[in-house]
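Taking it in order: structure first as structure tokens, then the write-up.
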Amino acid sequence: MLKGQYRRRYISLSIPQRNARKMAAVLERSFIEISGFERETLPTFREITLNLGLNALPGSVIYPDSAGGFHYEGSGKLLSITSNRFIHWSTSGDTVQLVEQSLDTNLLNNAVKLKITHCPLLPGGVHVQETLNNVTILIVTNQTVHRLVLPHPTRMYRSELVTELQMQSIFTDVGKMSLQDPAHSAVIPSPVGQTVGPTASAAWLSHQGEAHYALASPAGGILVVTLPPHDTKASVTILELKTSSVMQRLAGWMPTAIRGEQSPGDLALSLAVRELEDDTFILALCQDHKLRMWSYRDQACLMEADMLEYMPACRGVTRSSGQGHRLRLTFSSTGLCLAIYLAVPSRGQFTVLQLVATDNNRYSLDHISSLFATQETLVDFALTSTDIWGLWLDDTNQTVVKYINFEQFTASALVKALQIYRRGTERITDLPWETLKKEVTVAVEKELQSSVTEFEFSQEEYRQLQVEFWSKFYACCLQYQEALATPLGLLLNPHTHMVCVLKKGFVSFLVPCFPVEHLYLSFDEYLFSEEETHVAEDPEVGRDVLQLVQCLRLVSDAVPGDMAYEMEKALEHLQSPERAAEMVLENLLANDNENVIEDIHNKLQDVRNPLAAMAVLIREMDLETDSEPGEGSLTIAGQSLSWRISLSQLYGSSVAVAVVCQAVCQMAMTRALFCRDLLILQQLYLRLGDNVFPGGGPQLQQDLIPRSSQLLSSYYLLKHITQSLTTTVPLDIIDANLQHLSVLELSDSPAMASNRSVRSPQTVVELFYQSVARKAIITQIYSKQHSPSPGTALLHWPHMVSSVVTLLAQQLWPNNLGFQFPECLMGNCQYAQLQEYVRLIEPWCQVNVGSCRFMLGQCYLANGEGQKALQCFQEAAVEVEREEFLLRLTGAEEKAAAAPRLQYYNKVLRLLEDVGLPELVIHLATLAITEAVNDPRSQAALWTRIFKHHLDLGHNSQAYEALTQNPDSSSQLDCLRQLVVVLCERSQLQDLVQFSYVNLHDEVVSIIESRARAVDLMSHNYYELLYTFHINRHNYRKAGTVMFEYGMRLGREVRTQLGLQKQVNCCLASLNCLRLIRSDYAWIVQPTSGAVYERPAASPKRNYDGEFTTGPVSGQIDILELKDLQKEYDLARSRLTLAQHHPPSAAIAGSASAVEMMSLLVQSGLFDCALSLCQTFKLSLTSVFEGLAFKCIKLQYGGEENQNEAWNWLAANQLCTITTKESSATDEAWRLLASYLEKHPTQNAQHHRCVINKLLSHGVPLPDWLVNAYKGVDAAALLRLYLNYDLLEAAAGLVLEYVDALLGKGHQYFGIERPLSATAPLVWLPYTSIDQLLQSLNETQTNMYKKLQDKLNDYHKLVDQTTRRRLQAQ
């Protein structure tokens, strides 16, 4: 029996040879029991009910629950699809649960619950056998027998390479089977009135495929029920084996008690079957302590042996019948071996026998060995060729080989406890783990609330109530957990030597106990010599170790619970373990009522060299190694793909993960207690001083105590992480973490791979083992093996699981160089667990210090604590060149880096940028510049980073300062360009203009110019910025040039009213700039229209042949002075006026010339503006007057609509007169025309002529005022116009008036100062026109012709008289 419920004991009887008849030595071996259940919801059983229409037997026996299992033949072969695969079952009443499990892969649909109505299953009534194609399950109840024929795994997956992470179980299609068919089920015929079913059973498959069921008759004898092969149709056969004769019946059997042929002592208590050669032997251990063997072929009893002959001092035993006898068989190299357990009062005995064939088909037994067992009740035992494994219950109904960790309940226990605690009738099924936790919390809280009667109570009272109700729920869980932990049987795999304890609710696995745990947990009666130490080769040292461990166990028993709790709290709070141990020792000395310290002192006297013994124990527990763990790549040289795939799946199922990680947890907890007690004992040694070991104090205080303290902290850390559960991480956080790892170029690291498919909940160690450590560990184990043939590699469970547990603990050991565990936590976003891990190792671990600080910084970063993260990153930088993880982070492993620390800073800067913490980037980049003193390129990159983030934060002055510090001109120019663009977009132009730009002035101008010419004019104001820039530096001519170019582009590119308004403003600003400088310098160079501006630093262009293209030949340079700018301003104003009056015209007015604008203005009725434009550009006004004349004509003959429209353009012109009476638009238009003719006189009245010509061309009568005005200037021209348009009457009238004027009548109307006289100036007549008129009148109007001719005759007479007088006067 083991101390502390940690260890397991099995009894091994050596059976080497047939002639070895004396008892072999008893060898004690230690094991740890690890529960195989997982942290998940209830196991998902598919329930199948089989009802054959039978009624329950009246008064039938209630069979106890039982369990058993089956291992595949290939379970011990690495390359087999059934490696580490087994089936276990349990029975309770009329229900059997069948579960198939694998330690390598997770099996789907692997659990079945079969209920056979009214037919309780016999204990051990499930038998499993495999053939080449099938796995057959034979089931025996008290009334029926059943056969399930399932496909063999090798037939379900015929490929040699199975790469799936999950596989289908053989139970996948069991629900499709018709179990009621005669091929699968049969009823055991029974006589009328029989109320007792069989008491024991055995079953086997024959070579012909028949299923045989050997049943122990209640009245003695054996009944064999045979089902035909499942693929044939035949009847069920019944065979009864008796000691006196053989009787075969086809149906039913007569109770032998009625016939009087059997005695109650013949009742078989345990049956076993073995096929040898062409016969099958049925062995029965009967109630009368005799072993009988029948031949199924001959139907005869071949042997009968009294087992009491092998039990000495068996007086009185013969008078009592055996009830708990057990029989087991195994086949060794020497033949068939039998193990008989005789359960007699007050004792029990194992007897191992070997079956020996004699002559005449007779058999005998050779005694191999015997072993007396304890008085405890045997639950089950298993036999191998060398060992017997036994499982007992003691007087308190506790298993002798038992460990139950009550801190971890199965989901079944929690659900049942919750059901009771709720006092509800609803059934709780299929709850996820997180939901189950919530349900438990709600149930306890609801119960607490319902019990409270007061509305107010203190915090302490509420806490006490919480403790009370949670303790109540804990007690419920404890009861159900104990019920589920009831042992039902042992499952022994002879191929892998794996032993499982089958319990009512789960399966537990036996894992070999390490030497330190063996010494610490075993009781004194099991440690009788130094040979039990296994940790020291020197016998003297071994003896001292044994004595020292006994002292440690005394210390362990003496430490009270409250002090153990204080010690653990000290470790949790990072207090000194030495000081905590000293405090515990002082408490022990102060409360030593049972003289425990004196007993320890006395035992210490027997330890000759305590320092050597302590050093041996410390060395044994120290897991520090020199080698670094591998990366887990399964690339064992020279091995096949199937070999590597098999290794990649080995021990990868969720069950194996739970077993391995729980084994590490148990080791950590045990060794933490061991180190605690050792530290207390060392403190006691210091107090005792030279009385115990002279001169050993300095070595103890300087070497052993610090090492023990660090071991205690290390194992406490392992205990903590093996119990810490992972947290469920949302996908967005996983994706963000993956993005961060990609930035650090760590996403390809196997340790950083995120395991999204892991079921929750699980511990962080299980996560690490499953996703990272397992492959590396398996590779490390098999890379050291040199098997000639990989296919012959066997999976020896004790060796393999011990190696896996040790190597996993070494990978978790904080003082080893490997850093994969923190990497795994980071890769899977387990930030809280990683923070706690770093916190626990920080005070005492000196390995991977910088890496841990980096990981802590990552955690702070993920939690939004940027300043703390920055501090950690800075602290980690000191260790960059000394730690493998940080070297890998910087990329120094792949390429020779001149400054690894600088590479590290770059990676962290990228990470901070990705997270979005510009302040921290600036701080760290400033620090990194000190590392790049001799690296201008890196300095430039860092200053660029600082500039960028200052600019993003709006720190414009700091950004400009960083820009000026940049040593690289190209980077400086890029930053300058970005500064200009960003400040423009933010409209922070004041800052941009006020910077001094020492040695960068031309670059700034070039950048702004290039941006101005490259972007949209209306959405960016780079021209205005450049204008302000030049104005601020009093460079007015540059400013004027900029605004003039801006206006030109606005006219070409922005064809809107707003664009024209800006164009006017630009021209005005340009004018103002030139007026501010001396006239000698008041000029600008006109930008070329449509020019392509080359960007600074642009690459040269090439033609189709690859040659450099020649640049465009520059044209003539135009110099613009103030007067030229004034003209452009007036033109721009006219464009704006036109656009304001007629918005659609803006699309064509922007780039229109002065001539084009004059036409557009006339068309729109803007005659004032048109006249002004003509005067500015010295254009003819003819078009203006013609246009106005035409509008007058339209108004004269147009409708009301034209009148209304005319007021719009009339209002845009300055009317010359104000009338008191109402006037029409036509009148105003004529009045406007008259005013224009008056304001703009010309020589020969060209404007009047064009107006009259326009009117006459449209057949419009000339207004009197126009005729009067024009005839006073040029009557001859008017006459020609009349003649041109055949207005003969008007022409004749004009000639008559003109002749009268010459004659002195109305001469002032024609502009004649004095009429015709000898003293007056000369006058003349347009005779050519008059002759034309006369000719026309002579042909058409004779009267008018005569009248005109007469008038001319009068004129000629006067001319003649006047001429004569003038001649006379001379």
Side-chain angles (χ1 to χ4, degrees), residues 956-957 959-960 963-964 972-973 975-1054 1059 1061-1089 1091-1097 1114 1117-1129 1132:
N956 300 337
S957 299
Y960 173 74
L963 180 151
T964 59
Q972 194 177 50
L973 189 60
C975 294
L976 185 60
R977 185 178 295 108
Q978 189 174 1
L979 176 68
V980 172
V981 173
V982 171
L983 292 187
C984 286
E985 291 176 348
R986 295 177 183 168
S987 300
Q988 296 175 340
L989 306 181
Q990 186 71 23
D991 291 344
L992 182 60
V993 170
Q994 289 182 349
F995 291 142
S996 59
Y997 299 110
V998 178
N999 299 326
L1000 294 173
H1001 182 274
D1002 293 340
E1003 286 79 3
V1004 173
V1005 173
S1006 176
I1007 290 171
I1008 300 178
E1009 283 182 349
S1010 64
R1011 293 294 299 176
R1013 293 164 179 169
V1015 299
D1016 181 45
L1017 292 175
M1018 299 304 293
S1019 59
H1020 298 82
N1021 55 357
Y1022 288 106
Y1023 279 107
E1024 296 176 6
L1025 169 64
L1026 193 57
Y1027 169 77
T1028 308
F1029 184 85
H1030 289 308
I1031 290 293
N1032 193 58
R1033 286 158 178 75
H1034 307 291
N1035 193 343
Y1036 298 113
R1037 190 166 65 181
K1038 284 282 189 182
T1041 303
V1042 168
M1043 295 309 290
F1044 186 76
E1045 180 182 334
Y1046 188 22
M1048 287 180 60
R1049 288 193 58 199
L1050 285 170
R1052 290 195 306 267
E1053 301 175 19
V1054 184
Q1061 178 66 58
K1062 285 181 174 288
Q1063 187 180 19
V1064 171
N1065 296 337
C1066 290
C1067 293
L1068 188 60
S1070 182
L1071 272 174
N1072 292 336
C1073 289
L1074 292 189
R1075 289 193 177 106
L1076 293 175
I1077 58 180
R1078 289 191 304 173
S1079 59
D1080 295 343
Y1081 298 97
W1083 55 267
I1084 64 173
V1085 177
Q1086 180 179 10
T1088 305
S1089 177
V1092 178
Y1093 302 102
E1094 183 179 354
R1095 292 172 295 166
S1114 300
I1117 297 177
D1118 295 330
I1119 302 299
L1120 301 179
E1121 298 179 351
L1122 270 174
K1123 58 181 181 179
D1124 301 318
L1125 292 182
Q1126 184 66 49
K1127 290 182 179 180
E1128 292 295 332
Y1129 171 69

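Numbers here are sequence positions counted from 1.
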[X] [atom1] to [Y] [atom2] distance, which is reported to the nearest 0.5 Å:
X	Y	atom1	atom2	value
E1045	L1050	CD	CG	10.5 Å
L1068	E1128	CG	CD	13.5 Å
F1044	C1066	CZ	SG	10.5 Å
Q994	S957	CD	OG	9.5 Å
R1033	H1001	CZ	NE2	5.0 Å

For this session: Answer yes when E1009 and K1038 have at least one side-chain N-carboxylate O distance shorter than 4.0 Å, and no when they do not.
Result: no
Taking side chain as C-beta onward, heavy atoms only, is [X] less than 4.5 Å from [Y]?
X	Y	answer
I1007	L973	yes
H1030	L1026	yes
R977	V980	no
T964	V998	no
I1077	R1037	yes
D1118	D1124	no
Y1046	M1048	no

Which heavy atom in [X] sits nearest to a heavy atom in [Y], and how many Å separate them?
X	Y	result
M1043	Y1023	SD-O, 4.2 Å
L1122	L1071	O-CD2, 3.7 Å
S1070	G1040	OG-O, 3.0 Å

Problem set entry | Step-by-step side chain to side chain contact (heavy atoms under 4.5 Å, CB included) determination, L1074 to L1120 | CA-CA 10 Å; L1074 292 189; L1120 301 179; over 6 Å; no
Exercise. Under 3.5 Å, is there a donor-acceptor pair between the side chain of Q972 and the main chain of L963?
Worked result: yes
Exercise. Any donor-acceptor pair under 3.5 Å linking the side chain of N1032 with the backbone of T1028?
Worked result: no
Report, one line per pair, each donor and acceptor closer than 3.5 Å where one atom sits in a side chain of residues 981-993; sequence neighbours left out.
residue	atom	partner	partner atom	Å
R986	NH1	L951	O	2.7
R986	NH2	L951	O	2.5
Q988	OE1	N956	ND2	2.7
D991	OD2	N956	ND2	2.9

Exercise. What's the verdict on side chain to side chain contact (heavy atoms under 4.5 Å, CB included) for T1041 and C1073, showing C-alpha distance, side-chain angles and the deciding distance?
Worked result: CA-CA 9 Å; T1041 303; C1073 289; over 6 Å; no
Exercise. Who are the ring pair (Phe, Tyr, Trp, His ring centres under 6.0 Å) partners of Y960, not counting sequence neighbours?
Worked result: F995, Y997
For this session: Under the salt bridge (charged side-chain N to carboxylate O under 4.0 Å, His left out) rule, collect the residues that match up with E1053, sequence neighbours excluded.
Result: R1049
For this session: Give a yes or no on this: more than 12 heavy atoms of other residues, nucleotides or ligands lie within 6.0 Å of atom CG of D1016.
Result: yes
